[in-house]
Structures are given as C-alpha cells and as structure tokens.
> 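For reference, the structure I am asking about is given below.
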Amino acid sequence: MTEGHQAIIVGAGILGLASAYHLLQNHPGLDLLVVERLAGPGLGDTAKSAAAFRDMFSSPVNRHLSQAAIAFYERLQQESHPLGLKKIGYLWLATAEQMAGWGRALEDLARAGVKFQTLETRDLIFRLPELRPLDLSRGILGVNCGILDPARLTRFYEQEVLRLGGRIRYHSEVTGFTRDAEARINGIRLGIEEILGDAVIIAAGAWTGLTLGLAGLEVPLVPRKRQLFSIPAKEGPLARLLAAPGFNDHNLLPFTILPGEAYLRPALASFILGFANPDQAPGLEEPPRAEADFYKNRIRPQVAQYFPVFQGLAPTRSWAGHYDEHLPDRTPFVERLAGALVIGGSSGSGVMKADSLGRIVVARFAGLESVELGDGVQFRVADLGLQHRAVPREEFVI
Ligand SMILES: Cc1cc2nc3c(=O)[nH]c(=O)nc-3n(C[C@H](O)[C@H](O)[C@H](O)COP(=O)(O)OP(=O)(O)OC[C@H]3O[C@@H](n4cnc5c(N)ncnc54)[C@H](O)[C@@H]3O)c2cc1C
C-alpha cells in the first residue's frame with residue numbers, strides 16, 4: 001500500500017519528536033508522519049538518559065545549542081508544563097593537575113559569560129561533610145546547569161505533535177527506503193508496506209548507521225554503550241549527601257563529576273551513578289545490558305574513594321543505552337544524504353540540545369540559512385552540516 005506524506009520522520013525519540021513539533025509549528029497543516037519501531041515515545045536512548053544539562057561546553061556551538069534549548073524548556077516549565085527541570089548545578093571535583101589543564105578553557109567560559117564558581121577544598125568539606133578530599137584541589141560549580149525529566153519532555157513534544165495534526169505510528173520499523181529516478185530517498189519501507197514522502201527525516205539515534213545502511217549509506221557515527229546504576233538514598237548519610245545544602249535552591253547535591261569522570265546524578269531519594277568509559281568498545285549491543293562488574297570495578301571504587309558512604313553498596317536498578325557519537329568533533333550534525341535529512345551524533349548530550357536541533361532541522365527542511373533558536377539568537381544552519389561544517393572539537397564530554 002502506498003500513501004503520500006509531505007514529511008516522514010523515522011524515530012520518535014527526543015530528536016525526532018522535537019523536529020516534528022517545530023515542523024508543525026512552522027508549517028501549520030503539514031501532512032507529517034512519525035514512525036517508531038518501539039511501543040511509545042522516547043523509549044530508545046532518551047529513556048536511558050541521565051537527563052542532565054549544562055552550558056559548560058568548550059565549543060561555543062555546543063554552548064549555544066544547549067543554552068537555547070534550556071531557555072525554551074525553562075519557558076515551557078514556567079508556562080505550566082512541568083518538566084522536572086531543576087537548576088541544581090554541575091560540580092566538577094578536580095585535582096591540581098586537572099585545574100592546571102583546564103585554566104584556558106575556564107577563562108574562555110568566563111569570557112563567554114558562562115556562570116561558574118570556583119570552590120576551595122575547605123568550602124567543599126564544609127558543604128559536603130561526607131567528602132574525603134584526598135587529592136582534590138578545587139570544585140568548579142556550573143550554575144546554569146541541572147537535571148530534567150526526559151519522559152515529561154518527550155511527552156510534551158508527542159502531545160503537541162498530535163494536537164497540531166501530526167500522526168505517529170508506533171510498532172513500525174523502517175526496513176528499507178524507496179528512491180526516485182534520481183536515486184534520492186523518497187519514502188520508507190515497513191516490511192511489505194511502502195510509504196512515500198516529499199521529505200524523509202532520519203532521527204534514529206544510535207541506530208542511524210544501521211538505518212542508513214538499509215539505503216547503502218554510511219555516516220561518521222559510532223554507537224557506544226553507556227551504563228547507569230541506581231543507589232537508594234532514603235535515609236542516613238546517603239540521604240544527607242543527596243540533600244546537600246548551599247549549592248542550589250533545591251537543597252540537592254549538584255550533578256557531581258569526579259576526577260576519574262564517574263558521576264553522581266541526584267534522583268528521587270536515590271543517586272544514579274554513571275561513567276562514560278573511554279575504553280568501551282564501539283558498537284551496538286542489542287539489548288544493551290548494564291554489567292554488575294562494571295559498577296563494582298570501574299564506578300564504585302571511584303565514587304567510594306571520595307565518598308566512603310558508597311563503600312560496599314550495590315545498585316537496586318541498572319540499565320544501559322548507547323551514545324550516538326560523532327567522533328570528529330563530538331557535536332551533532334544535521335545534513336542531507338541522498339535526499340534524506342539526517343539528524344544524528346548527539347554524542348551523549350541530545351536531551352539538553354533537542355529543541356535547538358529540532359529548529360535546525362526545520363530550517364534545513366525549508367532551505368533557510370539561519371534560524372532563531374529558543375534563546376532568540378540566530379544560528380547559522382550550515383555550521384552544523386557535514387559539507388560546510390564550522391564546529392570546533394568538544395573537549396568536555398561526560
Ligand atoms: C546512559 C546515558 C546517559 C545519558 N545522559 C545524558 C544526559 O545527561 N544529558 C543529555 O542531554 N543526554 C544524555 N544522554 C544522551 C541522550 O539520551 C541522547 O542524546 C538522546 O536521547 C538522543 O535522542 P534520539 O532521539 O537521537 O535517540 P533515541 O531516543 O534513541 O530515539 C531514536 C528512535 O529511533 C527509533 N528507531 C531506530 N531505528 C528505527 C527504524 N529503523 N525504524 C523505526 N524506528 C527506529 C528507535 O527505536 C528510537 O526510539 C545519555 C545517553 C545514555 C545512553
């Protein structure tokens with residue numbers, strides 16, 4: 001069966017749905033179909049995310065993408081769409097050697113207006129009695145950083161897409177593409193069903209390489225497994241650490257990154273512990289599994305070294321997903337390939353940039369040179385393409 005749509009989006013993760021929302025906002029009445037192989041919105045890597053956000057990126061491009069999206073999310077929350085957005089801050093605990101290496105990057109951030117505080121070890125111990133400072137020299141507290149609830153954000157976009165007349169088909173896996181006489185992608189295959197579209201937009205996250213492979217296309221993307229582990233903190237010293245006063249209005253420990261890059265993400269009466277292991281072999285694991293040994297040997301020793309209250313504790317829940325890494329500069333791209341528009345390479349920070357990326361997809365769709373992002377500032381669309389890319393390599397990937 002063949003039916004025609006003006007636009008088809010493959011993938012109902014946060015990037016596909018943010019793109020769908022902005023397409024319908026900018027082109028009222030557009031005949032838009034989103035197809036997703038899973039049972040609901042954001043059940044791929046969006047659901048696996050730690051959903052933390054920050055403006056502390058070394059690359060001005062990443063800073064803008066994130067700051068603008070967060071400005072939009074904050075507005076949504078103020079306008080009665082609760083997103084669980086809390087500016088609890090990001091706290092980097094750094095050794096003297098790390099501080100020396102970051103000097104220039106921190107100066108650049110300060111010049112760019114990014115707000116952060118430098119905390120002496122004695123301030124840290126005063127605020128965090130559970131901390132054993134060992135080799136720590138300073139804490140860097142990013143002020144305009146925090147956490148949100150990715151399920152609520154995804155639902156917001158999904159509901160708006162439906163309200164604006166878009167259609168979403170779940171349980172629908174794209175198994176191939178159709179091409180026109182000039183070999184441009186002009187539709188999708190779902191098993192034996194073919195659906196044509198004037199524009200096909202691929203937002204398949206870590207499966208983008210696999211999906212484009214169905215059309216014989218290659219992209220410079222690498223999926224890499226990432227794991228998270230939940231530790232309850234309902235009472236005692238862990239609950240006290242979670243409710244650390246003096247960092248933010250929420251009396252919560254900031255999202256805290258240790259010198260070895262393991263991190264503690266505050267959650268509801270619990271911590272989520274993670275570590276983007278640089279030695280993790282690239283590749284898709286289906287389904288990805290969190291490994292008890294990874295927690296025990298690679299995460300807990302890092303965390304318990306500085307916070308002995310974690311000694312001997314085992315997680316009650318764990319899960320794994322993938323980063324969709326764009327290795328050349330660890331920054332997303334939006335580009336046309338064989339006629340399809342591809343949005344990918346979120347590189348572990350797609351939730352915090354989703355709204356900006358959705359707007360850039362719309363600008364590419366409409367052939368615009370620049371687009372206003374959620375902070376009211378223009379963004380040059382070609383900068384995020386692969387042809388005329390103008391993106392410095394990101395140094396702060398967590
Ligand atoms: C452990 C972990 C921690 C993270 N922490 C953070 C964080 O703190 N902050 C942050 O901003 N980001 C974080 N991220 C990254 C963030 O989750 C991703 O950047 C973001 O979710 C990417 O969104 P997406 O829409 O591209 O991918 P997804 O949410 O995976 O959506 C892609 C969708 O495409 C569908 N799909 C794929 N192939 C097909 C096909 N052939 N047919 C139909 N549908 C298809 C998939 O089922 C999926 O639902 C983290 C990721 C992980 C794994």
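For ligands, and for the atoms within them, numbers begin at 1 and follow the listed sequence.
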> Under 4.0 Å from a heavy atom of Ala52: give me the atoms of ligand 1 that qualify, with their elements.
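Counting atoms of ligand 1 from 1, those under 4.0 Å from Ala52 are 7 (C), 8 (O), 9 (N), 10 (C), 11 (O).
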> Which residue owns the protein heavy atom closest to atom 6 (C) of ligand 1, what's the atom, and how far is it?
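Ranking protein heavy atoms by distance from atom 6 (C) of ligand 1, first comes Ser49 OG, 3.1 Å.
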> Looking only at protein heavy atoms, which one is nearest to atom 51 (C) of ligand 1, and how far off is it?
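Result for atom 51 (C) of ligand 1: Tyr323 CE1, 3.5 Å.
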> Looking at atom 42 (N) of ligand 1, what's its closest protein heavy atom, distance included?
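Of the protein heavy atoms, Val174 N, 2.9 Å lies nearest.
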> Answer yes when Lys225 and Glu291 have at least one side-chain N-carboxylate O distance shorter than 4.0 Å, and no when they do not.
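Glu291 and Lys225: salt-bridged.
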> Could you list the atoms of ligand 1 found under 4.0 angstrom from a heavy atom of Gly11?
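Heavy-atom distances to Gly11 below 4.0 Å select 33 (C), 34 (O), 35 (C).
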> With no hydrogens and no angle check, do the side chains of Gln378 and Ser370 hold a donor and an acceptor under 3.5 Å apart?
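There is such a pair between these side chains.
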> Can you tell which of Leu210, Asp45, Val10 gets a heavy atom nearest to atom 17 (O) of ligand 1?
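That would be Asp45.
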> Is it true that Leu43 lies under 4.0 Å from ligand 1, counting heavy atoms only?
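Distance cut 4.0 Å: Leu43 fails for ligand 1.
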> Does Ser172 approach ligand 1 within less than 4.0 angstrom via side chain, backbone, both or neither, non-hydrogen atoms only?
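Backbone only; the side chain of Ser172 stays clear of ligand 1.
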> Using a 4.0 Å cutoff against the non-hydrogen atoms of Leu15, which atoms of ligand 1 qualify?
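That gives atoms 23 (O), 24 (P), 25 (O), 26 (O) of ligand 1.
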> Within the 4.0 Å heavy-atom shell around Gly321, which atoms of ligand 1 are there?
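Here the atoms of ligand 1 in question are 53 (C).
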> Looking at non-hydrogen atoms alone, which of Lys353, Met352, Glu36, Arg224 comes nearest to atom 49 (O) of ligand 1?
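Shortest heavy-atom distance from atom 49 (O) of ligand 1: Glu36.
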> On the 0 to 90° scale, with breaks at 30° and 60°, tag the His27-Phe365 ring pair as parallel, tilted or perpendicular.
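Perpendicular.
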> Looking only at protein heavy atoms, which one is nearest to atom 18 (C) of ligand 1, and what is the separation?
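The protein heavy atom lying closest is Ser346 OG, 3.7 Å.
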> At under 4.0 Å between heavy atoms, is it the side chain or the backbone of Thr211 that contacts ligand 1, or both, or neither?
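Contact part for Thr211 vs ligand 1: side chain (C-beta onward).
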> Ring centres under 6.0 Å, that's the criterion: do Tyr263 and Phe255 meet it?
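They qualify: ring centres under 6.0 Å apart.
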> In terms of atom number and element, which parts of ligand 1 are under 4.0 angstrom from non-hydrogen atoms of Gly205?
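Atoms satisfying the 4.0 Å criterion: 26 (O), 27 (O), 32 (C).
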> I need the atoms of ligand 1 closer than 4.0 Å to a non-hydrogen atom of His322, numbered in the order shown.
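Near His322, meaning under 4.0 Å from one of its heavy atoms, ligand 1 has 53 (C).
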> Going by the rule side chain to side chain donor-acceptor pair (under 3.5 Å), which residues pair with Ser230 if we only count those two or more places apart in sequence or in a different chain?
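Not a single residue meets the side chain to side chain donor-acceptor pair (under 3.5 Å) criterion with Ser230.
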